[in-house]
Amino acid sequence: MTVTADLAISLDGFVAGTDVTVEKPGGDGAEVLFEWIHNLASWRERQGMGGGEENRDSELMREWFDATGAVVMGRTMYDTGEEFWGDNPPFRTPVFVLTHRPRPTLVKEGGTTFTFVTGGIHDALDRARAAAGDRNVDIAGGAGTVRQYLAAGLIDELQLHVVPALLGEGLRLFEGLGPGRRDLEPLRVEATPLATHLKYRFLHG
């Protein structure tokens with residue numbers, strides 16, 4: 001079982017724009033980070049829709065979906081995504097939400113459950129590992145949540161979909177990680193007209 005993080009990112013390192021709100025979960029100016037995903041067949045399948053493009057980008061997205069057995073996310077990501085996801089969220093797995101505001105577990109259609117964890121990042125990861133079985137745990141976001149797991153050395157593999165655009169401002173993924181060198185082993189580099197897909201393994205210890 002592997003702990004992963006899989007994010008779309010601009011060439012200058014942003015994973016969201018400015019002014020992230022419930023109405024604008026990606027923030028201002030960040031549409032380019034996500035619009036390339038919306039017509040992929042694998043993404044549309046997860047939204048309960050048909051059609052879409054079957055290409056290498058779609059294959060890589062499907063590979064990630066199929067390998068993920070549980071998800072961890074922050075409360076801000078949950079709050080900004082809840083209305084967009086509706087009653088049939090795309091995760092189709094148990095999701096563990098980091099929060100200081102407990103609430104009962106929510107059971108949605110398609111196999112998605114949202115469990116709200118107040119015990120911190122290690123508690124959420126332990127629960128996700130138990131739920132994932134022999135599949136991966138994905139640290140979904142937002143940026144602050146991924147940074148917490150990166151800083152704690154708890155992520156095994158990092159996949160970045162680098163979109164050919166410069167945002168200039170917004171939420172940077174690697175800002176504020178703290179001191180210390182972190183070495184990674186490249187596992188895959190694939191370029192398509194939509195994004196450059198980079199996959200790395202952290203060399204822990």
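Scanning both residues, V15 and A143, for their nearest heavy atoms gives CG2-CB, 3.6 Å. Of all heavy-atom pairs spanning A140 and L7, the tightest one is O-CD2, 4.5 Å. Listed here is the closest heavy atom pair of T113 and P94: OG1-CA, 3.4 Å. Residues I155 and A5 share a closest heavy-atom pair of CD1-CB, 3.9 Å. Of all heavy-atom pairs spanning D12 and G168, the tightest one is OD2-N, 2.8 Å.
There is a path of hydrophobic side-chain contacts, each under 4.5 Å, that joins L150 to L160. Residues L173 and V189 share a hydrophobic cluster, clusters being chains of Ile/Leu/Val/Met/Phe/Trp/Tyr side chains in contact below 4.5 Å. The hydrophobic clustering, which links ILVMFWY residues whose side-chain heavy atoms are closer than 4.5 Å, places L106 and M73 together. If you chain together hydrophobic residues whose side chains sit under 4.5 Å apart, W64 and V95 never meet in one group. There is a path of hydrophobic side-chain contacts, each under 4.5 Å, that joins F34 to M61.
If you take CZ on R201 and CG on D183, they are separated by 14.0 Å, rounding to the nearest 0.5 Å. With values rounded to the nearest 0.5 angstrom, H38 atom NE2 is found 10.0 Å from E31 atom CD. The structure places CD of E157 at 10.5 Å from CG of L184, a figure rounded to the nearest 0.5 Å. Of the inter-residue distances, the one linking D28 atom CG with T18 atom OG1 reads 4.5 Å to the nearest 0.5 angstrom. Atom CG in L158 sits 9.0 Å away from atom CG in L198 (nearest 0.5 Å). Note that CD1 of I139 is 5.5 Å distant from CG of L125, once rounded to the nearest 0.5 Å.
Checked against a 6.0 Å centroid threshold, the rings of H161 and W43 do not count as neighbours. For F114 and F96, the gap between ring centers reaches or exceeds 6.0 Å.
Across E59, E53, E54, a single residue satisfies salt bridge (charged side-chain N to carboxylate O under 4.0 Å, His left out) together with R56, and that is E59.
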Give the C-alpha distance, both sets of side-chain angles, the deciding distance and a yes or no for side-chain contact (heavy atoms from CB on, under 4.5 Å) between Q159 and R188. CA-CA 9 Å; Q159 181 159 244; R188 178 168 63 201; 2.7 Å; yes
D138 vs T68, side chain to side chain donor-acceptor pair (under 3.5 Å): CA-CA, chis, key distance, verdict: CA-CA 6 Å; D138 187 70; T68 300; 5.1 Å; no
Is there a side-chain contact (heavy atoms from CB on, under 4.5 Å) between N55 and L40 once you walk through the steps? CA-CA 8 Å; N55 53 25; L40 301 182; 3.6 Å; yes
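The residues E190 and K199 are annotated as not salt-bridged, no charged nitrogen and carboxylate oxygen being separated by less than 4.0 angstrom. Ion pairing of D66 with R62 is absent here, as no side-chain N (NZ or NE/NH1/NH2) approaches a carboxylate O to less than 4.0 Å.
Side chain of R182 to backbone of G180: a donor-acceptor contact under 3.5 angstrom is found. Panel note: side chain T112, backbone R92; a donor-acceptor pair is recorded below 3.5 Å. Put simply, the side chain of D156 gets close to the backbone of V3: a donor and an acceptor are under 3.5 Å apart. Listed for the R147 side chain is a donor-acceptor partner under 3.5 Å among the backbone atoms of E175. Remark: side-chain polar atoms of N136 are paired, donor with acceptor, to backbone N or O of T2 under 3.5 angstrom. Of the possible donor and acceptor atoms, one in the side chain of Y149 sits under 3.5 Å from a partner among the backbone N and O of I121. Formation of a donor-acceptor pair under 3.5 Å by the T99 side chain with backbone atoms of R101 is found in this model.
Contact annotation: the side chain of V71 never approaches that of V137 to less than 4.5 Å [non-hydrogen atoms, C-beta and beyond]. Counting only heavy atoms from C-beta outward, the side chains of V162 and L11 approach each other to under 4.5 Å. You'll find the side chain of V163 stays beyond 4.5 Å of the side chain of S10, heavy atoms only. A heavy-atom distance below 4.5 Å is not found between the side chains of K108 and W85. Two residues are said to be in side-chain contact when any heavy atoms from C-beta on lie closer than 4.5 Å; D134 and M1 fail this criterion. Between L167 and L33 the shortest side-chain heavy-atom distance falls below 4.5 Å. When side chains are defined from C-beta on, I9 does not count as touching F14, because their heavy atoms never get closer than 4.5 Å. Proximity of P102 to F116: side-chain heavy atoms (C-beta onward) are nowhere separated by under 4.5 Å.
Seen from the ring of F65, R46 counts as a face-on cation partner, given the 6.0 Å and 45° thresholds.
A donor-acceptor pair shorter than 3.5 Å can be found between the side chains of S42 and S58. A side-chain N or O of T192 and one of D57 form a donor-acceptor pair less than 3.5 Å apart.
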